[in-house]
Amino acid sequence: MGFSAIVVAAGSGSRAGGDKQWRTVAGKPMVRWSVEALLRAGANPVVVVTAPDAESRAAGALVGLDGWVTTPGGATRAESVRAGLAALSGPDETPVLIHDAARPFLEEAVIRRLLDALEDADGALPALPVADSLRRGLDGLVVGGVDRDALWRAQTPQAFRLRTVRDAYAAWREAETPTDEAAVVERAGGRVRLVEGDARLMKLTYPEDFAMAEALSPVARTVTRMGQGYDVHRWGPGTSVWLCGVEIPHDQTLIGHSDADAGLHALTDAILGAIADGDIGDHFPPSDPQWKGASSDRFLVYAAQRVAARGGRIVNVDVTLICEQPKVKPHRLTMRERLAELLELPLDAVSVKATTSEGLGFTGRGEGLAAQAVAAVELPA
Ligand SMILES: Nc1ccn([C@@H]2O[C@H](COP(=O)(O)OP(=O)(O)OP(=O)(O)O)[C@@H](O)[C@H]2O)c(=O)n1
Ligand SMILES: C[C@](O)(CO)[C@H](O)COP(=O)(O)O
């Protein structure tokens, strides 16, 4: 029998500084690590539980993968798990693995141990023994110890038959919210087996955990690639111009098949260039009527998704606009913010510059505007 999986990714990641599931860890969005591992091991489907307004972020993080769906989660992890369970169909006996997106490094061996354990148990979880001594503290002083012999550090995924875990959640009557499914099924009378966990399956909870994860990552090395782009559009009659995703009032407009945003076009080509993935015209042919008047935002986001699909990340981008008019400086910060938003990059990784050509050439004569861009991309080695 196959198995299903739920990846809960609807948390706020507040202890890590927010939105940790979409952050890049060792070259990929965190949530992608787990979804890839589960799909590779044969999970079908993988339900990714996101905050209600974050489904498009999941689509960006998981671009190029098949076999997953999203569903909106709740205010607590337990509510998100319930939502994931509600989204699953299939026979009661189907094994389901319930996993934290916050634990990216899931090895197939752990999945196999969990599924094997379900042969003679109602549930299974990976766990690690406690290695350090445990001490009770009060006001900064030791006030006793805790016997660690019977203590285990619970990890995820946790494995159950669909009906078992659904019924157990339905029967949960405690005042407190359960922290995991093992507790829920055990409280309902189920036998939940401890199987060998994995130190690399650590939950990334605090900001410092991310540096540790990079060091533990299965991607030992990455390579950095550069790409450059160049684009020109002709000036024509109009009242505003789109540059780097921002509309600027102007006494002319740039003429083109799409919105003629030369800054976005050059940057799209730079990103595609960094991954040797052709150019903007290959992906969005000017002969295709569907791109007539299109917002160039989508070209840029598409290029970024092509990087993510290769397990890569954009490190930084730099755009130079070459024109006598309009003056770019008053709009530079807005342009950088827009590009940072579209590419999901920090602002300090996005630069927009401008120069005139001292009245020389076609830009100097005001016949057209030119844009150049470079992008650096990190890819798995
Ligand atoms: N309402 C919630 C809360 C948590 N989670 C998920 O449960 C997992 C484990 O939770 P934790 O690491 O505590 O994540 P957050 O709740 O996001 O973190 P924090 O408590 O620091 O805000 C994470 O993958 C998180 O996205 C969820 O799906 N829905
Ligand atoms: C489910 C879990 O990962 C098991 O260790 C953990 O309980 C979830 O973390 P939280 O901080 O309690 O949300």
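Order of appearance sets the numbers: ligands from 1, and atoms from 1 within every ligand.
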A.B. asks: Would you kindly specify which portion of T205 sits under 4.0 Å from ligand 2, judged on non-hydrogen atoms: side chain, backbone, both or neither?
C.D. replies: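 It is neither part, as no heavy atom is under 4.0 Å.
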A.B. asks: Could you list which atoms of ligand 2 come closer than 4.0 Å to a heavy atom of R103?
C.D. replies: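 Going through ligand 2 atom by atom, the ones under 4.0 Å from R103 are 2 (C), 3 (O), 4 (C), 5 (O).
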A.B. asks: Check for me whether H99 has a heavy atom closer than 4.0 Å to any atom of ligand 2.
C.D. replies: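 No, H99 has no heavy atoms under 4.0 Å from ligand 2.
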A.B. asks: Measuring from atom CG of L97 to atom CG of L115, what distance do you get when rounded to the nearest 0.5 angstrom?
C.D. replies: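 One gets 5.5 Å once the value is rounded to the nearest 0.5 Å.
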A.B. asks: Provide, to 0.1 Å, the distance between atom 3 (O) of ligand 2 and the closest protein heavy atom, together with that atom's residue and name.
C.D. replies: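 For atom 3 (O) of ligand 2, the nearest protein heavy atom comes out as D100 OD2, 2.5 Å.
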A.B. asks: How long is the straight-line distance from OG1 of T156 back to CG of L125, given to the nearest 0.5 Å?
C.D. replies: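 Taking CG in L125 and OG1 in T156, the distance rounds to 9.5 Å.
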A.B. asks: Below a 4.0 angstrom heavy-atom separation, can you tell me which part of K203, side chain or backbone, both or neither, approaches ligand 2?
C.D. replies: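 Just the side chain.
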A.B. asks: Please tell me if the side chains of T253 and T239 come closer than 4.5 Å, counting only heavy atoms from C-beta onward.
C.D. replies: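 No, their side chains stay 4.5 Å or more apart.
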A.B. asks: Between the side chain of W33 and the main-chain N/O of V25, is any donor-acceptor distance below 3.5 Å?
C.D. replies: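 Yes, W33 side chain to V25 backbone: donor-acceptor pair under 3.5 Å.
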A.B. asks: Got the residues with a heavy atom under 4.0 Å of ligand 1, by chain and number?
C.D. replies: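 Residues within 4.0 Å of ligand 1: V8, A9, A10, G11, S12, G13, S14, R15, K20, G74, A75, T76, R77, S80, D100, A101, A102, K203.
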A.B. asks: Considering residues, nucleotides and ligands other than R112, do more than 12 of their heavy atoms fall under 6.0 Å from its CZ?
C.D. replies: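 For R112, atom CZ is crowded (more than 12 foreign heavy atoms under 6.0 Å).
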A.B. asks: Does a donor on one side chain and an acceptor on the other come within less than 3.5 Å for R298 and Y302?
C.D. replies: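 No, no side-chain donor-acceptor contact under 3.5 Å.
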A.B. asks: Checking S258 against H265: is there a side-chain donor and acceptor pair closer than 3.5 Å?
C.D. replies: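 There is such a pair (donor and acceptor under 3.5 Å, judged by atom type) between the side chains of H265 and S258.
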A.B. asks: Report the residue from L267, I280, D261 that forms a side-chain contact (heavy atoms from CB on, under 4.5 Å) with S296.
C.D. replies: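 Exactly one pass, corresponding to D261.
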A.B. asks: Evaluate Q155 for polar contact with ligand 2, using N/O atom pairs at a separation under 3.5 Å.
C.D. replies: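 N/O-N/O distance below 3.5 Å does not exist for this pair.
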A.B. asks: E181 versus Y169: any side-chain heavy-atom pair under 4.5 Å?
C.D. replies: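 Touching, per the 4.5 Å side-chain cut-off.
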A.B. asks: Do D120 and R193 make a side-chain contact, defined as non-hydrogen atoms from C-beta onward lying under 4.5 Å apart?
C.D. replies: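 They are in contact (side-chain heavy atoms under 4.5 Å apart), so the answer is yes.
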A.B. asks: Using distance alone, with no hydrogens and no angle criterion, decide if S357 and T363 have a side-chain donor and acceptor under 3.5 Å apart.
C.D. replies: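 Looking only at side-chain atoms, T363 and S357 do form a donor-acceptor pair, the distance falling under 3.5 Å.
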A.B. asks: Which residue holds the protein heavy atom closest to atom 11 (O) of ligand 2, what is that atom called, and what is the gap in Å?
C.D. replies: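 Here the closest protein heavy atom is R15 NH2, 3.0 Å.
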A.B. asks: Do me a favour and list the nearest non-hydrogen protein atom to atom 7 (O) of ligand 2 with residue, atom name and distance?
C.D. replies: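 Here the nearest protein heavy atom works out to T179 O, 3.2 Å.
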A.B. asks: Which atoms from ligand 2 have a heavy atom of D180 less than 4.0 Å away?
C.D. replies: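 Atoms satisfying the 4.0 Å criterion: 1 (C).
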A.B. asks: So do the side chains of V319 and L264 get within less than 4.5 Å of each other, counting heavy atoms only?
C.D. replies: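 The answer is no, as the side chains (C-beta and beyond) never meet within the 4.5 Å cut-off.
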A.B. asks: Test your reading of the structure: does T156 have an N or O sitting under 3.5 Å from an N or O of ligand 2?
C.D. replies: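 No.
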A.B. asks: Is ligand 2 less than 4.0 angstrom away from at least one heavy atom of E181?
C.D. replies: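 Judged by the 4.0 Å heavy-atom criterion, E181 does not count as contacting ligand 2.
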A.B. asks: Name the closest protein heavy atom to atom 4 (C) of ligand 2, giving the residue it belongs to and the distance to 0.1 Å.
C.D. replies: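 Of every protein heavy atom, A154 O, 3.5 Å lies nearest to atom 4 (C) of ligand 2.
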